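Everything numeric in this text was worked out from a predicted model, so none of it was measured. Starting from 1, each residue takes its place in the sequence as its number.
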Amino acid sequence: MRIAVIGGGIAGLSAAHELLRRGAETVLFEAETRPGGKVGTRAEQGYVSEDGPNFLARPLDALLDASGLRAEVVKPQPPTTRWIHLEGRVLKAPSLALLARAGVGRALLEPLFARPLREDMPLGVFLERRLGRRAGGIAATVMSAGVYAGNPASLSARDAFPALGALGERGSLIVNAFRRPRQPRSGIWTLRRGLGTLPLALARALGSRIRVGARVARLSPDQGGWLVEGERFDGVVLAVPAAAAGELTQAFAPRFTEAALQFRSAAVAVVHLGLRQDGLPRGFGMIDADGTLHGVGTLLPSSMLPGRAPQGRALVTAICGGARHPERATLPDDELVAGVMRDLRSAWGVGDDPDYVRVVRWSEAIPQYAPGHRDRVREARDLLGAFRRIELAGAAWDGVGVPDVARSGAAAAARVIS
């Protein structure tokens, strides 16, 4: 069986390797000259910076085995302190000062207010009802910012945060969290030379089966199979963003196209700065709970990972924009960098100017799972169900984390040849 995979990000690479494992012949089409999508790494001037994610929070065993990079796995070195920017102050998380400001007393009464979650709702509404306006609002802002660069007023409580939704469906968050069986924690991890080495190694393993710089503009059903740019295949995995999937299918599945174009993503700009290490704290990074900083989240990668910055220097990474402040993602480079530097001076007293600057822009960075997301995904897949052997994969549908995306690609591969 011959299968086309359209899109060479992590979902597409995962799908291609799963198809090979199952004995199918596959060709992967990637529009850009580099595979990996938002997972990419650049090393220059002694700094090693990421295009997108810096760390992964769950295992990725199948792809590590396929890439041969298992020995390259590294975990962050302590301290991994986290801070919250709240009411103009930088507070360690957790800390008594943060708990006092967050209204933890009302939050502890959550079991008294808990009713099983029967219908999906915005994350902010859900947590404010459960934990109180103060604690719930802060928790919702931090969670949505940290994962989605999102707005808690428009993110799903159930589908954007499945673990939280599962607890809520059973009743009290606090009670059920204590009742939940303890799972071994793998901790966050990355690769020694950056996460971008993963898609490059996966692409090398595919050899001539991957075609880079090969943008697909023509897709059509053909007598029980598919034509991809005029080339015949038995099946197709669409491992591209929702809007791109909708554009490719418009001629033969207009209702799916209409549904796909309703899915939204947040734009972000990733700002990397090289600064003096002695002017910065050591730790993981800071989340902006106020919405007043240019960086929704600010990471300190070189604090935890040797080799990410020259001796005596530090790499600071700010994720700017997102659903609450998309205008910040479109600021000119000089304005954006100046804004991030002002924030660093205010928050941490940084006094020097950067000797390294790199800005990475993503107009559709992180899909935003609105309430009812899983129902809309089910509807979208049903609308393609009239056609044989075409499957959807990627962050738009099945989870935005890299492990979720990899799992989505492998699952789509399994379905398309079943």
Original post:
Should the pair Arg193-Glu72 be classified as a salt bridge under the 4.0 Å nitrogen-to-oxygen rule?
Top reply: yes

Subject >> Ring centroid separation Phe55 to Phe284 under 6.0 Å >> reply: yes

Subject >> Pair Arg388 + Asp234, salt bridge at N-O below 4.0 Å >> reply: no

Subject >> Salt-bridge contact Arg34-Asp51 (side-chain N to carboxylate O under 4.0 Å) >> reply: yes

Subject >> Ionic contact status for Glu32 with Arg215, cut-off 4.0 Å >> reply: yes

Original post:
Ion pair present between Glu258 and Arg255, side-chain N to carboxylate O less than 4.0 angstrom?
Top reply: no

Original post:
Salt-bridged, Asp222 to Arg232, with N to O below 4.0 Å?
Top reply: yes

Original post:
Quick one: are the ring centres of Phe387 and Phe256 less than 6.0 Å apart?
Top reply: no

**OP:** Indicate yes or no: at least one non-hydrogen side-chain atom of Leu60 is less than 4.5 angstrom from one of Val402.
**Re:** yes

Original post:
Between Arg158 and Asp375, is the closest basic N to carboxylate O distance under 4.0 Å?
Top reply: yes

Subject >> Salt bridge flag under 4.0 Å for residues Arg42 and Glu44 >> reply: yes

Subject >> Arg407 bridged to Asp398 by N-O distance under 4.0 Å >> reply: no

**OP:** Could you tell me whether Asp353 and Arg276 have a side-chain N and a carboxylate O separated by less than 4.0 Å?
**Re:** no

Subject >> Salt-bridge present (Arg2, Glu231; N to O < 4.0 Å) >> reply: yes

Original post:
What distance do His272 atom NE2 and Tyr356 atom OH have between them, rounded to the nearest 0.5 Å?
Top reply: 7.0 Å

Original post:
Any side-chain heavy atom of Leu392 within less than 4.5 Å of one from Leu384?
Top reply: yes

Subject >> Between Phe252 and Trp226, ring centroids under 6.0 Å >> reply: yes

**OP:** Give a yes or no on whether a salt bridge exists between Asp65 and Arg70, defined as a side-chain N under 4.0 angstrom from a carboxylate O.
**Re:** yes

**OP:** Return yes when atom CD of Gln250 has more than 12 non-hydrogen atoms of other residues, nucleotides or ligands closer than 6.0 Å, and no otherwise.
**Re:** no

